[in-house]
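A quick write-up on the structure given underneath.
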Protein chains: 4
Amino acid sequence: MNVRSNKKHRVFETTLKLIAEHGLHNTPMSLVSKRSGISTGAIYHHFESKEVLINELYLFVKQEIMNNIFDDVTAELNYKESFHKIWSNYFHYLIKNQDILSFVEQCSISPIIKEQTRMEAQKLAIPLIDFITEGTQKNFLINNEIELILAIINGNVITVAKLHISKLLPINKEIENKAIQTSWKGLSQ
Amino acid sequence: MNVRSNKKHRVFETTLKLIAEHGLHNTPMSLVSKRSGISTGAIYHHFESKEVLINELYLFVKQEIMNNIFDDVTAELNYKESFHKIWSNYFHYLIKNQDILSFVEQCSISPIIKEQTRMEAQKLAIPLIDFITEGTQKNFLINNEIELILAIINGNVITVAKLHISKLLPINKEIENKAIQTSWKGLSQ
Amino acid sequence: MNVRSNKKHRVFETTLKLIAEHGLHNTPMSLVSKRSGISTGAIYHHFESKEVLINELYLFVKQEIMNNIFDDVTAELNYKESFHKIWSNYFHYLIKNQDILSFVEQCSISPIIKEQTRMEAQKLAIPLIDFITEGTQKNFLINNEIELILAIINGNVITVAKLHISKLLPINKEIENKAIQTSWKGLSQ
Amino acid sequence: MNVRSNKKHRVFETTLKLIAEHGLHNTPMSLVSKRSGISTGAIYHHFESKEVLINELYLFVKQEIMNNIFDDVTAELNYKESFHKIWSNYFHYLIKNQDILSFVEQCSISPIIKEQTRMEAQKLAIPLIDFITEGTQKNFLINNEIELILAIINGNVITVAKLHISKLLPINKEIENKAIQTSWKGLSQ
DNA sequence: CATGAATGAGCATTCATTCAT
DNA sequence: GATGAATGAATGCTCATTCAT
């Protein structure tokens, strides 16, 4: 990463942390500047506006998630095992990166994320869509619309991660496995 | 409803609409005042601060949801049929009240909602918890932690409602039934 | 004048003074607020934006000028005497209100004044246009386009007032009279 | 012109255009840099500050005007004809260089132009002052103060040029001649 | 000499909240 | 209780100027 993207990266990290801590509604640019050690002017050199920063950050974290969920999903695993691995990777990524979970959820339906951004974010999910498509074609998964299956898996992972974070039900390996079983049982043939 | 709660109600409705439209981060009290036709002074008479208003509204809509999801869930229905009915009621309530869905999701993990509020909201779900507890005790549902089952059902309904609203996949009766089947299949014994 | 317009009036006076002193480019709203003793919020309650404030002020001072230049122009005066009186009233108004002269001149060709405002300002000059029209119809003035005559008179008064203020040539009664003679001689038949 | 002054010249031209377009109050150095293709660093190498740039530009355009108004004013013309020619040259220069007219007028009374600059600008008018002095000495012009005559001529030309640009009264050759007659009639013996 | 990213004080404007009426 | 004008700290953003490369 060069100096330029390094700076963007620092702004991303700081913004993520602050929004998780103070909320989307309560994170001034001045605080992002102070905490990141980058002047407001420099931030605005990299991002046209706060809205653009948030939207770019949204795409960035969506990409980061995708970069992590296929870890150790090798050719040796069968479909069910791969499903299990991806679900688990995704889940552990979220609970290790609670700022990201918090940010993505605050944005999930907020008008701050523009239609264009949501469309681009959808494109980032293509590897996951391919995986699901494969599952339906080979009759591992029920023959539902791909978007529905994707949404349900995504929703399940996030739901369980939020449950863990809320401390209402700390998720240990056993409960995690139950949750994955529930997802798989609902969606498999 | 007396005059006082009538006014609170108007503030709630207006705030809900505005937050769905402009986002939690972008809904000034002055706009709530203008749109509701209630002076800022009067709003502050009913709500100590904006934060209090948001938190009270959060509890209000959570209650409203609960008030609607048991409609037509009568003694004549068996457990699976009741599950189906509740899921469907919840889903249709959300897509008929998209402002509520949008508001609840924007708040779902935001620090604007206080711990105390979340705990009270949890209490409102008792009828649903009872329904799930019954299901696990009578072995209609898998023997998972109640909180996990509740979270997964809740997550599924919201996920599918958001999918519908996003227009990525408009949900007709057929797809709705597939979604309910998926939930049931995952969670039932 | 009621309380409301009183406040607008105070903002006008302060802004006028500050723009004359610091220039159109260098007069922040915060200073207008501090000097007028009216909070920025209150200023923005009365004026949508700084641009709107400047444009309204422009119309206000144009009106003020018109309110003063027909003083003592009575039916007893003949046309030439009236011309002399108006010229003199206008001139003395400007040198007594140098802030107004400075402001009007800074705005005279600046894009800060909108087309709409210029059109409305033009309407305020109707009494003067009527006076010139009378002069051309009764052959006191040369048969030039009214707009040309108006512009030349206006330009002459402002030019001489600026000369006085610049201290390059302090204008006493004798020089003032010479200047008026020059205007009259150029424009009369 | 060497490389250095060439660059200054490009900055002048760009600044002029931008101030005419966006106003004295709304022309950032960054825009001057971008539009001129000269880095801000380089601009600050040639001009100590923005204020210095504006003041130098003011003198530059005043000089440019003077460089053009004596065109074709040859020994063969009599005084009145020379007066006519100068007036016309000045007028046509302004309407061909509306950016200059706009800039000079925005500066005309603004505190952005320093006393020192105004004094130097006055010196540039010496050829014109000589011409007027000659006119008064030879009794072609009325015996008024030179500064007054200069100011009135200058004011008349600018006034008529602004009238043309404002489109309130497009000035054709006929009207131009009327305007010149008015100036001459007012100022000649 | 030239560049243009970086700085940060300063700007226009907003908005939660108060309080005189 | 109700009103909404007023407050002024805080916000998003700009821009004159600097300085490392």
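A note on names: the letters A, B, ... follow the listed sequences, proteins ahead of strands, and every chain is numbered from 1. Quick note: numbers below take in every heavy atom, side chains included, and nothing from hydrogens, waters or symmetry partners.
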Review point. Is it the case that C/Asn55 and C/Glu51 place a side-chain donor and acceptor less than 3.5 Å from each other?
Key: no
Could you tell me how far apart [X] ([atom1]) and [N] ([atom2]) are, to the nearest whole angstrom?
X: A/Glu51; N: F/dT11; atom1: CD; atom2: P; answer: 18 Å
X: D/Leu24; N: F/dA16; atom1: CG; atom2: P; answer: 11 Å
X: C/His25; N: E/dC11; atom1: NE2; atom2: P; answer: 12 Å
X: A/Ile43; N: E/dA9; atom1: CD1; atom2: C1'; answer: 16 Å
X: D/Met29; N: F/dA16; atom1: CE; atom2: P; answer: 7 Å
X: A/Asn26; N: F/dG12; atom1: CG; atom2: C1'; answer: 14 Å
X: D/Phe47; N: E/dC1; atom1: CZ; atom2: C1'; answer: 16 Å
X: D/Lys34; N: F/dC15; atom1: NZ; atom2: C1'; answer: 12 Å

Exercise for review: Check every strand shown and say whether A/Ser49 touches a base, only sugar-phosphate, or nothing at a heavy-atom separation below 4.0 Å.
Suggested key: sugar-phosphate
Review point. Which comes earlier along DNA chain E counting from the 5' end, the contact point of A/Gly37 or that of B/Glu48, where each point is its nearest nucleotide?
Key: A/Gly37
**Study point:** D/Gly41 vs C/Thr27, nearer the 5' end of DNA chain E by closest nucleotide
**Key:** D/Gly41
With the side chain of [X] defined as its heavy atoms from C-beta on, choose the nearest nucleotide among [options].
X: B/Ala42; options: E/dT13, F/dA2, E/dT17; answer: F/dA2
X: B/Thr40; options: F/dG12, F/dA5, E/dT7; answer: F/dA5
X: B/Pro28; options: F/dC15, F/dT7, E/dA16; answer: E/dA16
X: C/Lys50; options: E/dA16, E/dA12, F/dA2; answer: E/dA12

Any [X] side-chain nitrogen or oxygen under 4.0 Å from OP1 or OP2 of [N]:
X: B/His45; N: F/dT3; value: no
X: A/Lys7; N: E/dA6; value: yes
X: B/Ser39; N: F/dG4; value: no

Check your understanding: Is it true that atom NZ of B/Lys114 has more than 12 heavy atoms of other residues, nucleotides or ligands lying nearer than 6.0 Å?
Key -> yes
Exercise for review: Give a yes or no on this: more than 12 heavy atoms of other residues, nucleotides or ligands lie within 6.0 Å of atom CD of A/Gln63.
Suggested key: yes
**Study point:** Residue from A/Gln106, A/Gln98, A/Glu105 passing side chain to side chain donor-acceptor pair (under 3.5 Å) with A/Ser102
**Key:** A/Gln106
Point to revise | Counterpart base for E/dT18, defined by Watson-Crick or G-U wobble contacts under 3.5 Å | key: F/dA5
Exercise for review: Mind telling me whether D/Phe47 and D/Phe12 have parallel, tilted or perpendicular rings, with 30° and 60° as the class edges?
Suggested key: tilted
